[in-house]
Amino acid sequence: MTDSVATEADWDRAPGLLEGAKELTLGPQECDLAYWITEVAQGTLKDRGSTGHHRDATVPDFLTEPGPLREALVLEFGFRALSEELATRLLGHYVTIAPGIPEMEFYATQLIDEARHARVFRNHLVELGQPAGTLLRDIDEMAADYRRRVLKPVEDFAVDIVREQADFPGGVAVFAIVIEGVLAPAAELSERKWTPLSPATGEISRGTAIDEIRHLTVASTILRDHVAAHPEYRPRLLEILRAGVRLWDEVPDREFVLPREEMFQEGMLQHADLIGDYELWPGVRMLDTTPVQRYETAEAWTDELAEARMAYMGLPLEVLAGEGETGA
């Protein structure tokens, strides 16, 4: 990758998801369609457009054979593929009601990003040995309970605001602060977990994380500027955020994540020689972590990310705890 590619889109120079989403400032005027074509399609995805990973980044043989590590990855990427598919379908509404060309172009590119994410997650399962002919049906069956109990309530919440109410900034808040703001730290954990075990899996997660940085930062700028121009919208925005937090408190995501992390734990220990002293975060070896510890660390990252983004938008962090200013 050359220096002509924007730093935040450069495969080698882009920051990690948490660092980038907390510190970078990007807006829809910068991240327009031309930016996506040159910096993303011809930059981030150079030599990785088909599978999400470079051809030299391989899948280890042990991930194509039955075992807890393979099972954990099939569940994780199967669930993520379904989540990204639903996100893609939701984003069509954002393109339709975008108030200006910059916002329309940005959300058109995010729609493509999410469709690509779903595709590379699905196709990676084929690389692991899942039959391509029945893959979509297999994912639907595998994730049916997750879709019904976790994704459907979130989807209904977003659809009501962005389609039924045609509230564009409200929809931006739901997608960026509530949905991606909660899921992004888990994506960061995924990249860190799989990097020492499978070069291909780690690269797929790396590429999606680079995209998520852009999604989170641009959305935050849209909301910051909207509230500055329309201060009367602030109570409405805060109420949407409170409702989103209540929703996430109610959906049983932990019930689906922890069993997967327990499978990962068993498989990780079977390949301890490959992992060695690799640190999942500074000062903590991955081999010394537990499923609950990894889950709770991702939750702590969620709080850190929320604190940085809310400060950037000039909004009170207490709202995400159900406190703070009251709505109109």
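Values in this document were obtained by computation on a predicted structure and should not be read as measured data. The chain is numbered in sequence order, starting from 1.
- A salt bridge is absent between Asp249 and Arg246; no separation between the charged side-chain nitrogens and carboxylate oxygens falls under 4.0 Å.
- In this structure, the side chain of Arg147 does not engage the main chain of Lys152 through any donor-acceptor pair within 3.5 Å.
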Kindly list each side-chain donor-acceptor pair under 3.5 angstrom involving residues 272-284, sequence neighbours excluded, with atom names and distances?
unit_1, atom_1, unit_2, atom_2, d
Asp277, OD1, Arg285, NH1, 2.8
Tyr278, OH, Arg192, O, 2.7
Glu279, OE1, Gly283, N, 2.9

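- Gln130 and Arg122 share no donor-acceptor pair across their side chains, judged by distance under 3.5 Å alone.
- Within 6.0 Å of CG in Asp56 there are more than 12 heavy atoms belonging to other residues, nucleotides or ligands.
- Using a 3.5 Å distance cut-off with no hydrogens or angles, the side chains of Gln110 and Glu114 do pair a donor with an acceptor.
- Judged by distance alone, the side chains of Arg254 and Tyr295 never bring a donor and an acceptor atom under 3.5 Å apart.
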Pair up each side-chain donor or acceptor in residues 76-86 with any protein partner under 3.5 Å, not counting sequence neighbours, and list the distances.
unit_1, atom_1, unit_2, atom_2, d
Glu76, OE1, Lys193, NZ, 3.3
Glu76, OE1, Trp194, NE1, 3.2
Glu76, OE2, Ser190, OG, 2.4
Arg80, NH1, Ser190, OG, 3.1
Ser83, OG, Phe79, O, 2.9
Glu84, OE2, His117, ND1, 3.4
Glu85, OE2, Arg89, NE, 3.2
Glu85, OE2, Arg89, NH2, 3.2

Audit row: His124, Thr201, side chain to side chain donor-acceptor pair (under 3.5 Å) steps and yes/no: CA-CA 8 Å; His124 194 48; Thr201 310; 2.7 Å; yes
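- Here the two rings, on Tyr107 and Phe168, have centers that are under 6.0 Å apart.
- The side-chain contact (heavy atoms from CB on, under 4.5 Å) test with Val154 singles out one residue from Val159, Ile179, Val174, and that residue is Ile179.
- Every side-chain hydrogen bond (donor to acceptor under 3.5 Å, both in side chains) that Thr7 has, sequence neighbours left out, goes to Arg13.
- One finds a salt bridge joining Glu304 and Lys22 here, because a Lys/Arg side-chain nitrogen approaches an Asp/Glu carboxylate oxygen to under 4.0 Å.
- Between Asp113 and Arg116, no side-chain nitrogen of the basic residue sits less than 4.0 Å from a carboxylate oxygen of the acidic one, so the salt-bridge criterion is not met.
- With hydrogens and angles ignored, the 3.5 Å screen pairs a side-chain donor or acceptor of Thr96 with a backbone N or O of Gly92.
- The local environment of CZ in Arg70 is crowded, with over 12 non-hydrogen atoms from other residues, nucleotides or ligands closer than 6.0 Å.
- Using a 4.0 Å cut-off between charged side-chain N and carboxylate O, Glu203 and Arg48 make a salt bridge.
- Ionic pairing of Glu255 and Arg149 is present here: one or more N-O contacts between side-chain nitrogen and carboxylate oxygen are shorter than 4.0 angstrom.
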